[in-house]
Protein chains: 2
Amino acid sequence: MSSIQDVATLANVSAATASRALSRPDMVAQTTRERVLNAAQQLGYQPNMLARSLRQRETRTIGVIVTDILNPFHAMLAKGVQDAADRHGYTAFLFNTDEDAGKERRALDTLRGHLPQGLIVVPTPHTHENLKLVPNLPIVELDRVTGNTGVTTVTVDNIGGARAATAHLIGLGHTRIGMIVGKLDITTAVERHAGFRQMLEESGQTYFPELVLPGQHREKDGREAALRLLSLPPAVRPTALFVGNNEMTVGAVLAARELGLKIPEELSIVGFDDSRWAQTMTPPLTVVAQPAYDLGVLACDHLVTQLGHMQSGRARASPARVQLPTELILRQSTAPPACVPTA
Amino acid sequence: MSSIQDVATLANVSAATASRALSRPDMVAQTTRERVLNAAQQLGYQPNMLARSLRQRETRTIGVIVTDILNPFHAMLAKGVQDAADRHGYTAFLFNTDEDAGKERRALDTLRGHLPQGLIVVPTPHTHENLKLVPNLPIVELDRVTGNTGVTTVTVDNIGGARAATAHLIGLGHTRIGMIVGKLDITTAVERHAGFRQMLEESGQTYFPELVLPGQHREKDGREAALRLLSLPPAVRPTALFVGNNEMTVGAVLAARELGLKIPEELSIVGFDDSRWAQTMTPPLTVVAQPAYDLGVLACDHLVTQLGHMQSGRARASPARVQLPTELILRQSTAPPACVPTA
DNA sequence: TACTTCAATGTAATCGTTTGCAACCACCGC
DNA sequence: GCGGTGGTTGCAAACGATTACATTGAAGTA
């Protein structure tokens with residue numbers, strides 16, 4: 001690896017001039033600049049980011065923390081962030097926490113040593129506490145929020161999405177609608193539940209608390225919750241399920257299959273978050289789709305503009321609350337309940 | 001952010017002593033060590049990796065380049081690598097190239113500036129050329145190989161996997177077996193094709209070149225190839241398909257559905273690489289499963305031991321050729337061909 | 001007592017880059 | 001001819017850590 005000194009020597013100038021030729025072209029004479037550029041080219045010179053960042057006290061690096069890189073939704077978020085960061089000339093370092101407080105802490109510690117200029121995080125209930133490890137770091141919360149005021153958040157309209165899903169089921173004539181909701185210490189779960197309940201009540205339907213079960217977001221949890229709900233006596237069994245995230249939806253579908261319930265004839269299902277699987281399972285699943293890639297891109301865009309503001313000494317940009325719409329995609333997993341004739 | 005100088009001042013020692021107290025405990029007196037440790041604790045001191053790495057000329061960082069982070073197989077590889085790196089005290093920086101030469105080049109350039117000590121890469125046909133950007137960097141090739149001698153490779157037994165899948169189909173009585181193979185400039189595709197052909201010929205079956213179509217690894221390609229194969233006249237149409245990767249398998253299944261072909265009664269399908277989708281589609285898919293997580297872990301382990309060897313001045317470890325077995329998982333997408341009675 | 005030894009600490013150089021400051025030179029206008 | 005101006009350049013000091021080497025002082029030995 002050749003250093004700028006090597007380039008300078010080859011071009012017969014001082015290191016300072018070589019540096020300027022590369023990063024402040026207008027400060028050096030045309031001919032010297034060309035000599036330096038040639039030398040750099042010839043040596044395949046690539047600046048040492050460590051040294052540069054150390055001196056400039058700016059790494060052009062941001063951290064990204066997601067909770068489950070194996071979840072396609074999160075993978076898509078990460079991709080959006082990374083693509084956007086790349087466009088802005090930043091490098092995004094990606095960490096995965098499996099929703100684990102310890103891993104999150106370790107990720108933050110590692111990150112801190114590398115002096116990122118900002119952080120995009122899908123928060124967990126521990127994040128609020130853990131973020132003390134990186135004081136004064138500009139943060140953007142993605143997908144979920146911690147309730148921290150003062151940070152920018154980029155989320156989807158979970159309430160709207162849940163309302164749309166619920167309205168759809170009500171419209172089909174369902175009156176006993178169950179919901180499998182996520183952990184209630186996670187904002188998306190809370191909001192989706194709120195939207196569900198709102199829409200039921202606004203439509204004059206009864207909200208049955210016993211038809212709402214929480215899960216830990218995993219396939220297994222979705223399956224267990226669904227098994228419990230669907231094993232209720234026929235008179236009280238829900239005829240439709242609204243499931244709060246993609247993993248649990250898989251579990252719910254599997255549970256229905258185990259019990260021999262035909263979808264959608266005997267059970268309607270709406271999932272939250274679209275996926276390859278939802279599109280190609282039989283029957284294709286009706287879902288509330290989220291613009292995951294755009295969420296990632298927006299989070300990064302906002303973080304970068306915020307960094308720009310800070311750097312140029314302007315007042316800290318007021319924290320944004322970005323919310324993207326969801327889209328209810330009707331497929332074949334929903335139908336009128338068995339006992340009600342098609343309207 | 002407090003520096004080691006701050007810690008030193010607070011502890012009433014020189015920066016040198018503070019540094020030693022933290023990283024060479026046995027070189028400093030018990031009592032001073034405690035003073036330093038306290039000071040560090042109190043200030044929440046975290047060493048600046050940039051400065052440290054610059055001085056030590058060692059970043060304890062490795063690069064990871066995969067070609068499609070949205071593909072669960074690659075996400076799993078990445079996770080394996082990152083978990084292992086973490087265990088070894090290394091930080092893994094993940095990049096995604098979408099199989100694109102330009103993106104790969106940019107990723108390598110970015111990476112180079114951060115001076116990684118090694119690189120784990122899922123190579124594309126351009127990788128051989130692009131790797132010139134990072135001369136003298138220890139490399140581990142993951143999943144695929146470039147044919148570079150001198151680098152460690154961690155792959156699965158593609159030939160064995162393909163042979164097992166093919167043998168299974170032959171055993172069921174299929175005589176016209178088609179294959180949708182990947183791009184033939186990618187080693188996994190070549191090997192899976194080779195295994196397929198080998199097994200056919202060893203079993204005394206005919207290898208029909210016209211039943212083997214290439215694709216670009218995407219769902220769309222799988223669908224198109226399958227549509228062509230399955231639209232052949234009944235007399236020559238394949239009764240079974242072996243598909244070379246997970247994405248294309250989805251396409252093949254969709255194609256069969258479009259044509260109204262029942263799986264497995266009218267068409268048997270075996271995919272390469274297991275997935276959530278393969279497990280839960282109807283019917284569940286027979287697949288050649290790959291130990292993706294372990295591949296990632298092993299790649300990282302080998303890279304790290306190699307780094308250890310280099311550092312301790314020992315001879316460069318001879319490049320390993322690690323190959324993990326695949327496992328044929330029988331589910332319900334394969335059955336004897338319609339015209340042949342169950343043996 | 002004087003000399004050696006060794007543990008504990010400090011001094012200063014170093015990694016590769018950027019950048020404030022000063023030096024230099026050529027040219028211009030008076 | 002001289003001072004001023006401004007465009008180019010180099011010198012040297014940072015950035016924050018590690019580490020070779022020098023220094024100190026106390027203990028051990030003859």
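Proteins come first, then strands; the chains are lettered A, B, ... in the order of their sequence lines, and each starts at number 1.
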*Could you point out which residue of B:N130, B:T97, B:T67, B:N96 forms a side-chain hydrogen bond (donor to acceptor under 3.5 Å, both in side chains) with B:E104?*
B:N130
*Which residue, B:A51 or A:M27, contacts DNA chain D at a nucleotide closer to its 5' end, judged by nearest heavy atom?*
A:M27
Rounded interatomic separation in angstrom, taking [atom1] from [X] and [atom2] from [N]:
{"X": "A:M1", "N": "C:dG16", "atom1": "CE", "atom2": "P", "value": "9 Å"}
{"X": "A:L50", "N": "C:dC15", "atom1": "CG", "atom2": "C1'", "value": "10 Å"}
{"X": "A:R60", "N": "C:dT18", "atom1": "CZ", "atom2": "C1'", "value": "15 Å"}
{"X": "A:D26", "N": "D:dG6", "atom1": "CG", "atom2": "C1'", "value": "14 Å"}
{"X": "A:Q5", "N": "C:dT14", "atom1": "CD", "atom2": "P", "value": "13 Å"}
{"X": "A:L54", "N": "C:dC15", "atom1": "CG", "atom2": "P", "value": "14 Å"}
{"X": "A:D6", "N": "C:dT17", "atom1": "CG", "atom2": "C1'", "value": "13 Å"}
{"X": "A:R57", "N": "D:dA13", "atom1": "CZ", "atom2": "P", "value": "19 Å"}

Respond yes when some side-chain nitrogen or oxygen of [X] is under 4.0 Å from OP1 or OP2 of [N], and no when none is.
{"X": "B:R24", "N": "D:dT19", "value": "yes"}
{"X": "B:T32", "N": "C:dT9", "value": "yes"}
{"X": "B:T17", "N": "C:dT9", "value": "no"}
{"X": "A:S3", "N": "C:dG16", "value": "no"}
{"X": "B:R52", "N": "C:dC15", "value": "no"}
{"X": "A:S19", "N": "C:dT17", "value": "no"}
{"X": "B:Q56", "N": "D:dT19", "value": "yes"}

*Can you tell which of A:V322, A:L295, A:D294 makes a side-chain contact (heavy atoms from CB on, under 4.5 Å) with A:V156?*
A:L295
*Worked verdict on A:E141 versus A:T153 for side-chain hydrogen bond (donor to acceptor under 3.5 Å, both in side chains)*: CA-CA 5 Å; A:E141 294 177 353; A:T153 63; 5.9 Å; no
Give a yes or no on whether the backbone of [Y] and the side-chain of [X] come within a donor-acceptor separation of less than 3.5 Å.
{"X": "A:T61", "Y": "A:P116", "result": "no"}
{"X": "A:H74", "Y": "A:I69", "result": "no"}
{"X": "B:R33", "Y": "B:A21", "result": "no"}

*How long is the span from the CG atom in A:D83 to the OH atom in A:Y293, to the nearest 0.5 Å?*
3.5 Å
*A:A16 near the nucleic acid: base, sugar-phosphate alone, or nothing, with a heavy-atom cut-off under 4.0 Å?*
base
*Check DNA chain D against residues 37-49 of chain B and give the residues with a non-hydrogen atom under 4.0 Å, in numerical order.*
B:Y45, B:P47, B:N48
*Please determine, for the side chain of B:S14, which listed nucleotide (D:dA13, D:dT18, C:dG10) has the closest atom?*
C:dG10
*How far apart are the C-alpha atoms of B:D301 and B:H88, what are their side-chain angles, what is the distance that settles it, and do they pass the side-chain hydrogen bond (donor to acceptor under 3.5 Å, both in side chains) test?*
CA-CA 8 Å; B:D301 286 352; B:H88 291 295; 2.7 Å; yes
_Taking donor-acceptor contacts at under 3.5 Å, does the side chain of B:R20 reach the base of C:dG10?_
yes
